[in-house]
Amino acid sequence: MKHFLKTMLLAVAFTAGLAGLVRPAWALVEIDVNKGNVAPLPIAITDFLSGDTMGTQISDIVAADLKRSGLFAPIDKSAFIEKVSNPDAAPRFDDWKVINAQALVTGRVTQEVDGKLKAEFRLWDVFAGQQLVGQQYFANKGNYRRVAHIIADAIYERLTGEKGYFDTRIVYIDESGPKDNRIKRLAIMDQDGANQRYLSSGKALAITPRFSPNRQEITYMSYESGQPRVYLLQIETGQRELVGNFPGMTFAPRFSPDGQKVIMSLLRDDGNSNIFTMDLRSRNTTRLTTADAIDTSPSYSPDGSQITFTSDRGGGTGHSQIYVMGADGSNQHRISFGNGSYSTPVWSPRGDLIAFTKQTGGEFQIGVMRTDGSGERILSSGFSEEGPTWAPNGRVIMFFSEPAGSGGPKLHTIDLTGRNEQEVPTPNFASDPAWSPLLE
Amino acid sequence: MRRIATQILNPVAVALVATLMIAGCASKRVPNSAADLGLAGNAAPGSTQDFTVNVGDRIFFDTDSSSIRPDAQATLTKQAQWLNRYGRYAITIEGHADERGTREYNLALGARRAAATRDFLVSRGVAANRMKTISYGKERPVATCDAPSCWSQNRRAVTVLNGAGS
């Protein structure tokens, strides 16, 4: 996968052929992602033509991505009437209207002389009788899943008006072994659970991995030196590095949006914890909070101007709450005032919402609120749910959930609307997911 | 400024927690100490086994609290007497939390419990430079049922004697 991003993938919009002949796009078919109860859009995704099984594999991945989003209902291939034999020609739209396909995807996969894979697809508006998107991509054969995710993103974007999130990865903690002696390993996988692999041996407890905005490294906390500390890990090379040289435990790390800093909690000798940043170039550290309290779980706003965090400075039992401050530590103020305790605030990539974990009435909940604390909405409730992370388009939240008696946690996704909760497939128990930005 | 280590406890709350612990121990207790394994009585004075069996190596906390409860004060007072008598041990105090909190917050809570335990031992004459603290948050439970009887056993600080002994 190394250096795949810039050199091996090239997207070219079709300018020749049919794409140039159709009217300017004025789609009848579209999805409003903000509707609370939208019916999934029926879409026909044909097997991409190829001399081998690659075409079918790619179209199946595209269909699975779109189906999991909850916004699309891929139509069973056995219902198809037209067998597409030339993906460059206009389909027989009437054949697709009959089976109520609102949108149609056709495509072809071929091998270039240099061995590279060439994947082309076209997205058609069946009832308007026109092409909406036509693109081609070149990639190494081993990257066919990424090509499929990129095609799914292009379809999602064209039909919803929102950026997709399928060409992304998840870092998380793989959990195995008995609960009182759990092995917790760093792991990484595609957002659909494919291509899972480990990033740590499991000898030392590792938790809370988070992606750098450059997608190439993660920051996490590990007991590998005996003392719990925050580290950086280069994903491809496996190179590890301690972040800072602090006297006490460092934990709860995240990157700043420019990738230049790690923000984290540092334990004080008196048992309280405050929030610091460390500039990764200059190694300068800056202290942002001084309360005699637990200040932790910091998360930057996407523009880097503000930070949300958890604090129990308000006092009392069960009173961890969510606060917001300026990036320089100014104007620290509480924003959560509901009935319960709040923690793990994470700023939406769109900037307008903060996702959180809430504990109330013996339950854990995943919810969102506006950045001033108003408009709280609970998306999911359960015996034990924790740790929201945002898809890069801000439409989907992943978290981990452990029903009572289940023995361990699994990863789940849920739409911002509170609909379409789904388990993410992982080989073992899984926790602490962190969603990457869109790959490039 | 809020004090962490010493707060007045609500006796009703303490009594309730104690009841839950006893109820839970009857059915789900896991062996936590040498005493549970039937090793009591064989411990040589000054050995780690002596400390674990005859003094008690751990104290327990109320939910989301790092206050040293009266029962824990009694245990820590005995620990301090023993540790002052056997000065050759370096000491690590592990702070732990139950699973009813989020991961990062519980790391901080476990650290606060370890610090409160250390501070109490210091107040009873144990030299601060013999002790270091570490938090495991909710990552290392000893009791694994999804019920209050287990959570109360996991909200703990454990005084671990390091291998400087004779």
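Order of the sequence lines fixes the chain letters, A, B, ..., with proteins taken first and strands second; residue numbering starts at 1 for each chain.
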Is there side-chain contact between [X] and [Y], with heavy atoms separated by less than 4.5 Å?
X: A/Ser384; Y: B/Glu99; result: no
X: A/Ile207; Y: B/Leu107; result: yes
X: A/Asp312; Y: B/Arg112; result: yes
X: A/Lys179; Y: B/Asp146; result: yes
X: B/Arg103; Y: A/Met221; result: no

* Asked: Given B/Glu104 and A/Arg254, is the salt bridge (Lys or Arg N to Asp or Glu O under 4.0 Å) satisfied, shown in steps?
  -> CA-CA 12 Å; B/Glu104 291 170 343; A/Arg254 280 183 198 278; 5.5 Å; no

Under 4.5 Å to a heavy atom of chain A? For B/Arg113 that would be neither

For the student: nearest non-hydrogen atoms of [X] and [Y], plus distance:
X: A/Gln359; Y: B/Arg100; value: NE2-O, 2.8 Å
X: B/Thr102; Y: A/Ser343; value: OG1-OG, 2.7 Å
X: B/Ala108; Y: A/Phe251; value: CB-CZ, 3.8 Å
X: B/Pro141; Y: A/Asp180; value: O-CB, 3.2 Å
X: A/Gly271; Y: B/Ala115; value: CA-CB, 3.6 Å

- request: For A/Lys261, look at atom NZ and say whether over 12 heavy atoms of other residues, nucleotides or ligands are found less than 6.0 Å away.
  value: no

Heavy-atom proximity to chain B below 4.5 Å, by part of [X]:
X: A/Glu175; value: side chain
X: A/Ser265; value: neither
X: A/Phe383; value: both

The reported gap from OG1 in A/Thr296 to CG in B/Leu109 (rounded to nearest 0.5 angstrom) is 11.5 Å

Of A/Leu205, A/Asp295, A/Thr344, A/Asp269, the largest count of non-hydrogen pairs under 4.5 angstrom with chain B goes to A/Asp269

Of the listed B/Gly101, B/Gly110, B/Ala114, the one with the largest count of heavy-atom pairs under 4.5 Å with chain A is B/Gly101

